[in-house]
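Please read these numbers as outputs of a predicted model, since none were measured by experiment. The sequence lines fix the lettering, A, B, ..., with proteins before strands; numbering per chain opens at 1.
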Number of protein chains: 2
Amino acid sequence: MTIDRKRQIIEAAAQSFSQFGYKATTMEQIAKLANVGKGTIYTFFKNKEDLLDEIISSLIVEIKESAKQAMDPHLPFSENVHRALYRILEFRQQHQLTAKLLQEVRSIGTSAVQEVLKKLDRAIIDFIREKIDIAIRKGEIRPCDSEITAFLMLKAYIALIVDWEKDHEPLSKEKIAELFELYFLKGLSN
Amino acid sequence: MTIDRKRQIIEAAAQSFSQFGYKATTMEQIAKLANVGKGTIYTFFKNKEDLLDEIISSLIVEIKESAKQAMDPHLPFSENVHRALYRILEFRQQHQLTAKLLQEVRSIGTSAVQEVLKKLDRAIIDFIREKIDIAIRKGEIRPCDSEITAFLMLKAYIALIVDWEKDHEPLSKEKIAELFELYFLKGLSN
DNA sequence: AAATGACCGAATGGACAAAATGGTCATTTG
DNA sequence: CAAATGACCATTTTGTCCATTCGGTCATTT
């Protein structure tokens, strides 16, 4: 068979989005990098937004895979959720594409990018929510609204990892695990 | 004595900032509204930024006062912190000036406004932190880092009140109190 | 049937002039 | 003479062309 043009396009686009951002990447640039005509891209993807969407969708699969690997069924719920969330946010910060898109949405706020990052958040929350539901069923934690809990956990992690550093010394991974255990599991009450 | 020019200026500025935002308000506009010459403003305030700063400073006093009133020394720590935070965020959302500034910093990101809102956040965290320290000393809650705890509580409240509504039905005041009690006080563990 | 690049209307951004703004200061006022 | 003022200045911001670029289409080629 001939070369897989669709894969070439996806790879070229992912590379270019990572390097220059979504808005600064032109379809012609992608076409040239992928060694195809510009029109060819439109036989596989509806438009530029759809192309980004497909890339993020496969990235979501990758992130979930990475989070799963960070977990260990023998460990308690709190440790596993901590590991999963930490790994996910680490991934999000370190991965060139997500880092660039995160930066882009902050500085220009491209709506297509905002849309796709929302989808990524949604996927993360769903992933954590699933873990919470399992823990509730196993009796590891009290029954609670898993949607709200997953939402709050993600927000708390982002706050601790991203926002906290804006005005303070960064918190170590261990410290964050400790805080997570304290606030979400044990509670502050005496 | 003659009319209090400084107060006139502050009131005119506060009104104009509330109505049009910080950037869209001109010093001439403020002067006209306050019935003073433009130069007069500069005999009381170093510059436009300083004027905003002074307005926010007195707003902080007002917010603290309102939060104190919402609390009741006979109630337990968790209920009081919930009442204080809820009142503060309610104030911040309902007060025309803060609402406008919050919107402005999101859409244009004026740095002077960002600065001043940071100061407001700082004041809120300090207020909560103080309450936490008292509760620890009284033995109402376990010892913990009050700075991190206050920070996380504020972030959690903003997440529940502001962010949650972006994709879900708003949570009632009671529901939020219940969640706060569950996550921060009791903890999820069985 | 799949691939392509010339082509199109819309969006973007650079250049530059005009208008507006924050802040100063010599003059006026009470 | 201290407090108040508004004309004035340097700097930004805004408005307006216009040339270029971009996303997307489609007639033509492979």
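No salt bridge links B/K118 with B/D121; every basic N to acidic carboxylate O contact stays at or beyond 4.0 Å. Ion pair A/K119/A/D53 flagged as a salt bridge, since at least one NZ, NE, NH1 or NH2 atom sits closer than 4.0 Å to an Asp/Glu carboxylate oxygen. A salt bridge links B/K6 and B/E54; the closest N-O separation between the charged side-chain nitrogens and carboxylate oxygens is under 4.0 Å.
Heavy-atom distances to DNA chain D give each of A/A24 and A/G39 a nearest nucleotide, and the one nearer the 5′ end belongs to A/A24. The 5' end of DNA chain C is approached more closely, in terms of each residue's nearest nucleotide, by A/F44 than by the other of A/F44 and A/K23.
Per the geometry, NZ belonging to A/K32 stands 11 Å off P belonging to C/dA6, to the nearest Å. Summarising the geometry, the separation between CD on B/Q29 and C1' on C/dG22 is reported as 13 Å, rounded to the nearest angstrom. For the pair A/M27 CE and D/dT25 P, the interatomic distance rounds to 10 Å; values are reported in whole Å. Rounded to whole Å, atom P of D/dT25 lies 15 Å from atom CZ of A/F45.
If you check D/dG23, C/dG22, D/dT5 against the side chain of A/K48, the one that comes closest is D/dG23. Closest to the side chain of A/T26, out of D/dG23, C/dT4, D/dT5, is D/dG23. Here C/dA3 is the nucleotide among D/dT5, D/dT25, C/dA3 with the atom lying nearest to any side-chain atom of A/T43.
OP1 or OP2 of D/dA4 lies within a sub-4.0 Å distance of a side-chain N or O belonging to B/R5. Proximity of B/T40 to the phosphate of D/dT5: a side-chain N or O atom is located under 4.0 Å from OP1 or OP2.
Looking at B/K38, its side chain comes within 3.5 Å of the base of C/dG22 through a donor and an acceptor atom.
Both tests pass for B/K131 against the ring of B/F127: distance under 6.0 Å to the centre and angle within 45° of the axis.
As the counterpart of D/dT29, C/dA2 is assigned, both hydrogen-bonding distances of the Watson-Crick or G-U wobble pattern falling under 3.5 Å.
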